[in-house]
Undergrad: 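Mind looking over this structure? Questions follow.
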Amino acid sequence: IMEELLSNLEEAWKLKNGYDLCACLALNPYSFSDSFLSSFSAYPPSSYRDIVSSYEFPSKEVYSLIELYLSCIPHISASDFTRAFDAIQPFYALFMRIFIQSSGNWLIPLFESLTVGLRLTAQYAELQNPLQVSDDGERQLQRAEREIKTGFSAIITDRSENSSSKKWGLLIVMNNLFKIYFKINNLRLCQNLLNSYNAQEIIPIANYRIGQQVTWHYFIGRIGMLDSNMKSARESLKIAFEKCNKAYTKNKRLILIYLVPVMMLTQGMYPKERLLKKYNLEKEFGGIVRAIKKGDLRGFNEELKKNVRFYAERGVYLTLKKLKYLVLRNLFKRVVGMRSKSKLPLSDFRVALEWMGEEVDDAGVECILANLIYRNYIRGYFAHQHQILVLANENAFPSFVKAN
């Protein structure tokens, strides 16, 4: 079986078949059959060089690469991710040198496979040994980031013709780096990466594989939310959701977790109940959507409190808190509807807030009304001397899209 693996590698390298190389150089623990492992265990590590040298590969670097891969197999197959990562890191580093020096882009499929493998192995290693760091104090994901980033500069500055350009690997490296930066909570590095990306002439995003596009737009949307650029976030997340294959319900659900709050915040658009049920988000968003629609401030606060862990872990809590002004708008619209007047005393709004469990004095109510008028959620003005809200004769509560 060892001979079969090396023969397949020899043939794939000779034909420059990147896809066959992926099958031969897998980094997944489940890629190795019991019969392969039984046969492989008969070869001591000291024999790897002699075995590999009996086959024809194009360079000394490739011979060394195959030897390093063989030394990874025992750790990968045993799911010992800490040792596996330590073995994979030099293997990946050598592959990157070969990839950068190679002509054309036929190695991109293998580049993608190994980059994902390195990142996932680092991630699993940190889960297995959360406290372990290298001699220089780095965690595995930080070390993986350093290795993956070595290819970023080479790829983004590649000047080959479009069809043979290594820039076709750009979204692979950036998407994997985004995943690492969000994992290690170092989002400043996302912006640094985007700055380098924006400074170069690149292949249009729409020309990449759909899966890569979806991941890209998802992370651009997440970054937009963190930068309070909600319009950019909305557009990117919408594209990600629309392009994501309907069969990938887990991914579509993940996108919706961020798209739902952004759509409500920027356009006042509420998700339909059947959409939330379809993607198993009724528990997390159903109650808060109903509270916003009704202007139920008490219910809104209760939903935030009930699901605070879910919202905080996914980074949408602060975005949802900003929806409080939409709740207040809808609550005050109900107050105006009950009074059927265009001039209302401040006390009407204070009573409504107190009924919703908010302890607020007249100055606080005036501040809330001023904010709603400033945000164009309410059209009118506040007569401070008389403590009266004077509403516009027409369209006192403009549609939310116009307000934003």
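Quick note: residue numbers are just sequence positions, from 1. Since the model is a prediction, treat every value here as computed from it, not as a measurement. Atoms considered below: every heavy atom in the structure, side chains included; atoms not considered: hydrogens, waters and symmetry mates.
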Undergrad: Would you call the rings of Tyr279 and Phe241 parallel, tilted or perpendicular if under 30° counts as parallel and over 60° as perpendicular?
TA: perpendicular
Undergrad: Under the rule for side-chain hydrogen bond (donor to acceptor under 3.5 Å, both in side chains), what residues qualify as partners of Arg290, not counting sequence neighbours?
TA: Glu282
Undergrad: With sequence neighbours left out, what residues match Arg379 under side-chain hydrogen bond (donor to acceptor under 3.5 Å, both in side chains)?
TA: none
Undergrad: Could I get the full list of side-chain contact (heavy atoms from CB on, under 4.5 Å) partners for Lys16, not counting sequence neighbours?
TA: Ser103, Trp106
Undergrad: Between Phe332 and Tyr325, does the ring centroid distance fall short of 6.0 Å?
TA: no
Undergrad: Tell me every residue that passes side-chain hydrogen bond (donor to acceptor under 3.5 Å, both in side chains) with Glu67, counting only those two or more places apart in sequence or in another chain.
TA: Arg49
Undergrad: Is the closest basic N to carboxylate O distance between Arg146 and Glu138 below 4.0 Å?
TA: yes
Undergrad: For Tyr208, which residues count as a side-chain hydrogen bond (donor to acceptor under 3.5 Å, both in side chains) partner, sequence neighbours excluded?
TA: none
Undergrad: Per the side chain to side chain donor-acceptor pair (under 3.5 Å) rule, what does the pair list look like for residues 245-265, sequence neighbours excluded?
TA: Arg222-Tyr258
Undergrad: Applying salt bridge (Lys or Arg N to Asp or Glu O under 4.0 Å) as the test, list every pair that has at least one member in residues 30-40; sequence neighbours left out.
TA: none
Undergrad: With a 4.0 Å cut-off, would you call Asp86 and Arg143 a salt bridge?
TA: yes
Undergrad: Charged N to carboxylate O under 4.0 angstrom, Glu302 versus Lys305?
TA: no
Undergrad: Which pairs pass salt bridge (Lys or Arg N to Asp or Glu O under 4.0 Å) with one or both residues in residues 99-110, sequence neighbours excluded?
TA: none
Undergrad: Side chains of Asn176 and Thr115: do they bring a donor and an acceptor to under 3.5 Å?
TA: no
Undergrad: Can you sort out the partners of Ile51 under side-chain contact (heavy atoms from CB on, under 4.5 Å), two or more places apart, ordered by chain and number?
TA: Met2, Leu6, Tyr43, Ser47
Undergrad: Indicate, with yes or no, if the rings of Trp216 and Tyr197 have centres closer together than 6.0 Å.
TA: yes
Undergrad: For residues 225-235, which residue pairs pass the side chain to side chain donor-acceptor pair (under 3.5 Å) check, not counting sequence neighbours?
TA: Arg234-Thr266
Undergrad: So how far is it from Leu256 CG to Leu281 CG, rounded to the nearest 0.5 Å?
TA: 6.0 Å
Undergrad: Decide if the gap between the ring center of Phe219 and the ring center of Tyr181 is smaller than 6.0 angstrom.
TA: no
Undergrad: Only pairs at least two apart or in different chains count here, so list each salt bridge (Lys or Arg N to Asp or Glu O under 4.0 Å) that has a residue in residues 205-215.
TA: Glu112-Arg209
Undergrad: Would you mind listing every salt bridge (Lys or Arg N to Asp or Glu O under 4.0 Å) that reaches into residues 351-372, with sequence neighbours excluded?
TA: Lys324-Glu358, Arg350-Glu354, Arg350-Asp362
